[in-house]
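Read the numbers this way: they start at 1 and go in the same order the structure lists the ligands and their atoms.
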Amino acid sequence: MRFRSGSDIPFLFGVLHHIFKNGWEDTKYINDRVYGMDKVKEEVMAKWTPDKVEEACGVNEATVLKVATMMSQNRPSTIVWCMGQTQHTTGNAIVRASCILQLALGNVGKSGGGTNIFRGHDNVQGATDVGPNPDSLPGYYGLAEGSWKHFAKVWGVDFDWIKAKYASPAMMGKPGITVSRWIDGVLEKNEFIDQDSNLRGVFYWGHAPNSQTRGLEMKRAMDKLDLLVVVDPYPSATAAMAAMPGKAEDQNPNRAVYLLPAATQFETSGSVTASNRSVQWREKVIEPLWESRSDHMIMQQFADRLGFGKELSKNFKMQQVKGMDEPAPEDILREINKSCWTIGYTGQSPERLKAHMRSMHLFDVKTLKSKGGKDKESGYDTTGDYFGLPWPCWGTPEMKNPGSPNLYDTSKHVMDGGGNFRANFGVEREGKTLLAEDGSHSLGADITTGYPEFDHLLVKKLGWWTELTDAEKTAAEGKNWKTDSSGGIIRVVMKNHGCHPFGNAKARAVVWNFPDAIPQHREPLYGTRPDLMAKYPTHDDKKTFWRLPTLYKTLQDKNIADKVHEKFPLIMTSGRLVEYEGGGEETRSNPWLAELQQEMFIEINPKVAAEKGIRNGERALVSTPTGARLNVQALVTERVGPDTVFMPFHFSGRWQGADMLAYYPAGAAPVVRGEAINTGTTYGYDSVTMMQETKTTVCNVERA
Ligand SMILES: Nc1nc2c(c(=O)[nH]1)N[C@H]1C(S)=C(S)[C@@H](COP(=O)(O)OP(=O)(O)OC[C@H]3O[C@@H](n4cnc5c(=O)[nH]c(N)nc54)[C@H](O)[C@@H]3O)O[C@H]1N2
Ligand SMILES: Nc1nc2c(c(=O)[nH]1)N[C@H]1C(S)=C(S)[C@@H](COP(=O)(O)OP(=O)(O)OC[C@H]3O[C@@H](n4cnc5c(=O)[nH]c(N)nc54)[C@H](O)[C@@H]3O)O[C@H]1N2
Ligand SMILES: [Mo]
C-alpha cells in the first residue's frame, strides 16, 4: 500500500475500523488480555471512517477493506516494521497503533503472529539491553535510587561512592540528553537547558555524524566544543567535518580532536544479541590490527586514567591482548547475568552460549528448540533449550530456563518459554482491573487468575516462602523478584508453581502516561499539506524534554504561516540501500561495494522529473528548509509517487557541492563520497523517544 509518509495511524485505524464494523476482532482475547480496547473502538469508529482515512493517508476504502479482510482471514499474521514507523514526531503513537491492531486480532503471544521490529545493527539489541539510553541503567532498570543501589551491590562499590561522582544528586536521577539532540546541548542558551552547563565534550563511539539530522547546525556545534573524540575503526566523516574550516565565530580555538582506532567485531570476542533476543557467543577471528584496541579495552583505559579503573572492573579478570590488560568478555557477560533480572538476561551464561554455538546442529531452525542431545566438548545437555536462550531466560543458569522464543505465549509452560503480559503498571486503573481475567494464564500455572508482580510479601502470603533455601531467604528478604540477588523468588515462582515473577496482566491499548493515551494522527512539522496540518495539528511545545526545550506547535505554525510548502513542495524521505550500512564510511571504503553504488542520488517520479526538466542520470539540486543545497544524481523512477522523493542516507564526504577529500587524514577517505542527506533534514523529534523525524520532511528539486 503506497501511502503518504507519516500517515500510518489513519491507515492502521482505517483497517481496524473495518475489523470492528464486521465483528472480526477477537473478543475473548480482548476481554481476557487487553485493557482499554473499548475506548479505542469508540474512537476508531467515530473518527476513522473510510472518507477520513482516504483524506489523511490517500488509500481508498476498497483497499483498506481488502487488508482488513486478509488479516482477519489469515490468523495469526504478523506486522514487521522498522524505521518507516518510528522516524516521526509521532513514531511512538504509530508503533502503538500497530500493536493495538495486533491485539484486536488476538495475534500477540502466538507463534507466527506478533509485532516484529527488526533491529538494525549487529548487536544493537544487546547494546540497548545494557543501558546506553540516557533514561535507564542496564536491563531497563530506571534511574531511581533503588536501581542504583541494586547495581552498586552487583558492581561491588558503595552507593555513596557513585553518588559522589555526580555534580548534583539531581543529575543522577534525571534522564540525560539524547544523542539525537547533542547539538542543542551545545548550541542552546544555557538558561533554557535543564542542567548546569552546556555540553563541552562529545565522544563519537561507533557513530557517524551524517546519520543525524541538521548537519549544518551540527558543524557549528562541533566547532564550539572543547573536546571531540572519535572511537572507530574508520576516522569517519567526523574527522573530516572537524578539519573542514567552519564559521570563524563558531570556532573554539582550544578545541582538541582525538581519533582512537577501535578494533572491529572480528578482532574481539563476546556475547551479541539478535533481533529475536537470541544471544550468541562470537569468537575472535584475528588479533586487533595495527594500533587498534577493542572497545572495552579502550573503556578500561579511560577509566584507569580517570581514576576509577579498579571500580569498573571489580568483577572482571584481565586477559592479555598486545601486552595490555583487557577485561575478559566472559566476565562482562557474567556481570550482566548477575544483575539484569528484569528482562531475563540472567540464564545465558558464557558456558551455555558456547555450548549452543558449538552444537548449533542440535537445534531446529524453525522452532529454535533443541532436538535433544549433549554438546560433545562440554557435556552440556541442550535438551529443552531454545537456540541462543532468547531473553527472557529467567533465573540463574542453574535453573535451566530454556529462553523465550515468543513473548507472552500462554500456550506454553513458563519453564518451556511460555508467558503472559507483565503487570508493570499496577493492578487497577479507574476502577478497572489491569490484571488478566480468570482462566487466562500460561500453561500449567498454579494461579489461574491474573496476579501482580512477586515480592517477598506475596511469596509469604501464598505460603511459598518455606520453599526458598536459607541463603535465598536471606537475600530475598525485603526484596522483589527484580532485586533479589539470589534468584530464589524467581526459582520458586516459576519452577515450583509455573507462574511468572512479573505477574499476569493485560496489555494496554490505552497508555495513560504517553502524550496521546490513544494514538492520534498528527501531521509532521514540515509537511506539504497545510490543510491537514490544520485538522491534525502536532503536539504543544515542551519546555524541558530530556533536558532540552523541544518545539512542536510553534514550529509547525510558523511553517504554515511562512508557506514553507510552497517553496518546498515535495515530501522528502530517506532510508537504506543494500550495498551500504549506516553512515556508510566503512562500506563506502570497500572497493567492491563502492563499485556497485558510485553516486549519491535522488529518486524522482517521472511526472515530477518531466515538470522540472530533469532526465534520468542528470544532476539535480535539492534544497531544503535548513539551507542545504545538495548536488546529487537523478534516478527517475516509479518507485516513488509524484508527491515524494527518496534519498539514501549513507553518503558523506561532499559538503554543499564541494569535495571534503582534503580534510580526511591522509589515505583514510572513503572511495565513494557524496552529499549527506542529513545536511538537509529538518528539526523534529518523537514526543516520547526523541527519535529524529528523518522519514518525512520537505524539499524542492531543480535541474542542477
Ligand atoms: N544494507 C543495509 N541494511 C541495513 C542497514 C543499512 O544501513 N544497510 N541498516 C540497518 C538499520 S540500522 C535499520 S534501523 C534497518 C532499517 O530498516 P528499514 O526501516 O526497513 O529501512 P529504511 O530504508 O530506513 O525504511 C524502510 C521503509 O520505510 C518506508 N517509509 C517511509 N516513510 C514511511 C511511513 O511514514 N510509514 C511507513 N509505514 N513506511 C514509511 C520507506 O519507503 C522504506 O521503504 O535496516 C538495517 N539493515
Ligand atoms: N536521514 C536518515 N538518517 C538516519 C536514518 C534514516 O533512515 N534516514 N536511520 C537512522 C538509524 S535507524 C540508525 S541506526 C543510524 C545509524 O547510524 P550510525 O549509528 O552512525 O551507524 P553506522 O554508520 O552503521 O556505524 C557508525 C560507526 O561505527 C563504526 N564501527 C563499526 N564497528 C565498530 C566497532 O566494533 N567499534 C567501534 N567503536 N566502532 C565501530 C563504523 O565504522 C561507523 O563509522 O542512522 C540514523 N540516521
Ligand atoms: Mo537503525
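Near Glu586, meaning under 4.0 Å from any of its heavy atoms, are these atoms of ligand 2: 31 (C), 41 (C), 42 (O). Residue Ala263 approaches ligand 2 through these ligand atoms, each under 4.0 Å from one of its heavy atoms: 34 (C), 35 (O), 36 (N). Listed by atom number, the atoms of ligand 2 under 4.0 Å from Gln692 heavy atoms are 3 (N), 4 (C), 46 (C), 47 (N). Against a heavy-atom cut-off of under 4.0 Å, Trp205 is close to the following atoms of ligand 2: 38 (N). Close approach to Tyr234 involves these atoms of ligand 2, each under 4.0 Å from a residue heavy atom: 42 (O).
For Lys535, the NZ atom sits in a loose shell: 12 or fewer heavy atoms of surrounding residues, nucleotides or ligands are nearer than 6.0 Å.
Pocket lining of ligand 1, defined as residues with a non-hydrogen atom under 4.0 Å away: Phe3, Ser5, Gly6, Asp8, Cys82, Met83, Gly84, His88, Gly120, His121, Thr573, Gly575, Arg576, Leu577, Val578, Tyr580, Glu581, Gly582, His650, Lys695.
Salt bridge status for Arg639 with Glu603: present, with a side-chain N to carboxylate O gap under 4.0 Å. For the pair Asp643 and Arg2, the salt-bridge criterion is not met [side-chain N within less than 4.0 Å of a carboxylate O]. In summary, Arg529 and Glu55 do not engage in a salt bridge, as defined by a charged side-chain N under 4.0 Å from a carboxylate O.
The ring pair (Phe, Tyr, Trp, His ring centres under 6.0 Å) search around His539 returns Tyr552, not counting sequence neighbours. Annotation: ring pair (Phe, Tyr, Trp, His ring centres under 6.0 Å) contacts of Tyr580 (sequence neighbours excluded): Phe651.
Among the candidates Thr689, Asp686, Asp516, Thr86, the single residue satisfying the side chain to side chain donor-acceptor pair (under 3.5 Å) test with Asn92 is Asp686.
The side-chain hydrogen bond (donor to acceptor under 3.5 Å, both in side chains) analysis of residues 7-18, with sequence neighbours excluded, yields no pairs.
Inclusion of Gln212 in the set of residues having an N or O under 3.5 Å from an N or O of ligand 2 is not warranted. Ligand 2 has an N or O atom lying under 3.5 Å from an N or O atom of Asn678, backbone or side chain. Remark: ligand 2 and Ala208 share an N or O pair separated by less than 3.5 Å (distance only, no angle test).
Checking side-chain atoms of Arg277 against main-chain N and O of Ala274 turns up no donor-acceptor pair under 3.5 Å.
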